[in-house]
Visitor: 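Please see the structure below; I have some questions.
Whatever order the structure lists ligands and atoms in, that order sets their numbers, starting from 1. Since we're looking at a predicted model, the values are computed, not measured.
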Amino acid sequence: MRGIRITGWGIAVPDKVVTNDDLSLTLDTSDEWIVERTGIRERHIGGTTSGLAIEAAQEALRSAGRTAAEIDNLVLATTTPDGIVPGTAPSVQHGIGMHGGAFDLNAACSGFVYGLVTAAGLVAVGSGPLLLIGSETLSRITDMDDRKIAVIVADGAGAVVIEPVEGPGSLLSWNLNADGSLKHLLKCEHGGTLFMDGKEVFRRAVRVVVDSAERAMADAGLGPDDIDLMVPHQANLRIIQAACQRLSIPEERASIVIDRYGNTSSASIPLALHDAITSGRVHDGDNLLLTGFGGGMTWASAVLRWNG
Ligand code: COA
């Protein structure tokens with residue numbers, strides 16, 4: 001049996017910081033409304049999906065002590081590829097100078113957890129070290145004059161190096177879920193901009209996150225008290241708070257970066273994971289609960305025992 005272990009991490013965000021006050025200059029909104037309804041204070045806007053992914057991947061490789069030549073495969077979770085054809089992952093592969101497989105995975109904001117499980121599957125059938133990246137430029141597909149969505153979206157990337165280990169490894173449990181009958185709730189047609197039924201997404205998000213997280217904990221043989229750190233998708237602070245409350249996981253045990261980064265879709269979980277690791281909140285043997293939801297609808301959770 002071959003399991004996985006996360007051995008390196010990196011992030012990249014565009015230089016340009018846009019505060020709520022900046023948005024209020026052109027939109028009928030306010031810092032007070034945005035903070036109260038979403039928890040977001042500022043976000044980074046700009047760059048390209050491949051460019052941010054390359055930067056995050058290079059930092060992850062450095063932190064793992066790996067060279068690009070040692071990586072077998074690259075999985076890029078994104079819902080905002082540079083183009084339709086080709087995929088964006090080959091550009092990232094070329095940009096960092098690796099050889100081997102590279103492909104895009106679009107599971108919207110659940111993409112990083114879907115990618116983690118995909119990476120574990122590749123390792124199980126023989127892959128060597130992998131790069132898993134979540135990278136997004138949501139601002140490119142957003143009508144920045146639409147206050148309902150412009151205040152939420154952001155750009156950024158997070159990457160991890162995943163290595164094979166003998167034995168079960170870190171991934172204790174996982175579930176991947178989708179319901180295409182709900183695709184109308186959050187969508188972007190070719191050439192169009194993002195549409196979101198915010199209220200309905202909010203209502204369903206809390207329900208599915210709680211259900212999926214509870215199943216992942218049960219499958220890992222753990223209860224809420226055993227979870228040392230929850231790493232949720234950063235869509236709205238109120239969704240994270242409601243999920244924590246229903247799961248009986250204190251909010252202090254969640255990694256929350258939405259105030260600084262906004263909603264970066266598939267990049268949000270690796271951004272929050274990176275923040276927790278680099279601020280010393282993750283220790284060997286800790287149980288981490290990763291959970292995401294998004295367009296599709298898709299939702300997914302995984303429990304990791306940190307480098308166990
Ligand atoms: N600034 C000020 N007012 C705003 C606003 C903004 N940026 N956006 C909406 N409003 C107004 C609305 O027009 C509405 O006014 P009205 O009552 O006069 O009609 C009022 O605020 C309430 O709007 P509503 O859409 O009901 O707000 P909400 O409390 O549901 O918050 C979201 C909106 C988008 C923040 C919230 O629904 C949400 O976060 N949903 C989930 C989004 C999500 O998770 N998306 C990502 C999935 S991956």
Visitor: Could you list the residues that satisfy salt bridge (Lys or Arg N to Asp or Glu O under 4.0 Å) with Asp28, not counting sequence neighbours?
Guide: Arg147

Visitor: Are the side chains of Leu247 and Pro224 in contact, using a 4.5 Å heavy-atom criterion?
Guide: no

Visitor: Applying a 4.0 Å heavy-atom criterion (strictly less than), which segment of Leu186 is in contact with ligand 1: side chain, backbone, both, or neither?
Guide: side chain

Visitor: Under 4.0 Å from any heavy atom of Gly294, which atoms of ligand 1 are there?
Guide: 48 (S)

Visitor: Considering both backbone and side-chain atoms of Gly198, is one of its nitrogen or oxygen atoms within less than 3.5 Å of a nitrogen or oxygen in ligand 1?
Guide: yes

Visitor: With a 4.0 Å cut-off on N to O distance, would you call Arg203 and Glu200 a salt bridge?
Guide: yes

Visitor: Does an N or O anywhere in Lys199 fall below 3.5 Å from an N or O of ligand 1?
Guide: yes

Visitor: Relative to ligand 1, is Leu27 under 4.0 angstrom through side chain, backbone, both or neither, heavy atoms considered?
Guide: neither

Visitor: Give a yes or no on whether atom 22 (C) of ligand 1 lies under 4.0 Å from any heavy atom of the protein.
Guide: no

Visitor: Ala235 heavy atoms, cut-off 4.0 Å: which ligand 1 atoms fall inside?
Guide: 44 (O), 46 (C)

Visitor: Among all protein heavy atoms, pick out the one at the shortest distance from atom 8 (N) of ligand 1; state its residue, atom name and that distance to 0.1 Å.
Guide: Trp33 CH2, 3.3 Å

Visitor: When you measure from the side chain of Glu59 to the backbone of Ile11, do you find a donor-acceptor pair of N or O atoms at a distance under 3.5 Å?
Guide: yes

Visitor: Which is it for Thr29 and ligand 1 at heavy atoms under 4.0 Å: side chain, backbone, both or neither?
Guide: both

Visitor: Quick one: look up the protein heavy atom nearest atom 45 (N) of ligand 1 and list residue, atom name and how far away it is.
Guide: Met196 SD, 3.1 Å

Visitor: Pairing donors with acceptors under 3.5 angstrom, does anything connect the side chains of Ser139 and Asp155?
Guide: yes

Visitor: From atom 42 (C) of ligand 1, is the closest protein heavy-atom distance below 4.0 Å?
Guide: yes

Visitor: Suppose I only count heavy atoms of Asn236 and a 4.0 Å limit; which atoms of ligand 1 are within that range?
Guide: 35 (C), 38 (C), 39 (O)

Visitor: With heavy-atom distances below 4.0 Å as the criterion, list the atoms of ligand 1 near Ile152.
Guide: 34 (C)

Visitor: Considering only heavy atoms of Asp28, which atoms of ligand 1 have at least one such atom less than 4.0 Å away?
Guide: 1 (N), 2 (C)

Visitor: Compare Lys148, Arg147, Met297 and give the one whose heavy atom is closest to atom 7 (N) of ligand 1.
Guide: Arg147

Visitor: As an exercise, identify every atom of ligand 1 less than 4.0 angstrom from a heavy atom of Arg37.
Guide: 28 (P), 29 (O)

Visitor: Taking side chain as C-beta onward, heavy atoms only, is Lys16 less than 4.5 Å from His44?
Guide: no

Visitor: What residue and atom, counting heavy atoms only, is the protein's closest point to atom 48 (S) of ligand 1, and at what distance?
Guide: Cys109 SG, 3.0 Å

Visitor: Does the side chain of Leu222 come within less than 4.5 Å of Leu172's, by heavy atoms?
Guide: yes

Visitor: Under 3.5 Å, is there a donor-acceptor pair linking the side chains of Asn175 and Asn177?
Guide: yes

Visitor: Just which atoms of ligand 1 are under 4.0 Å from any heavy atom in Phe293?
Guide: 44 (O), 47 (C), 48 (S)

Visitor: Using atom types as modelled and distance alone, determine if a side-chain donor or acceptor of Gln234 lies under 3.5 Å from a backbone N or O of Thr264.
Guide: no

Visitor: Membership question, hydrophobic clusters at under 4.5 Å side-chain separation (ILVMFWY): are Leu61 and Ile162 in the same one?
Guide: no

Visitor: Just to confirm my output: which protein heavy-atom neighbour is closest to atom 46 (C) of ligand 1, and how far is it?
Guide: Asn263 ND2, 3.4 Å

Visitor: Regarding Arg260 and Asp275, does a basic nitrogen lie under 4.0 Å from an acidic carboxylate oxygen?
Guide: yes

Visitor: Between ligand 1 and Leu23, can you find any atom pair, the residue atom being a heavy atom, that is separated by under 4.0 Å?
Guide: no

Visitor: Should the heavy atoms of other residues, nucleotides or ligands under 6.0 Å from CZ of Arg41 be counted, would the total exceed 12?
Guide: no

Visitor: What distance do His233 atom NE2 and Leu271 atom CG have between them, rounded to the nearest 0.5 Å?
Guide: 11.0 Å

Visitor: Using a strict cut-off of 4.0 Å, indicate which atoms of ligand 1 neighbour a heavy atom of Val151.
Guide: 7 (N)

Visitor: Which part of Ile149 is near ligand 1, with near meaning a heavy atom under 4.0 Å away: side chain, backbone, both or neither?
Guide: neither

Visitor: So, taking the atom named CG in Leu304 and the one named CG in Leu273, what distance separates them when rounded to the nearest 0.5 Å?
Guide: 8.0 Å

Visitor: With a 4.0 Å cut-off, strictly under, does atom 3 (N) of ligand 1 pick up any protein heavy atom?
Guide: yes

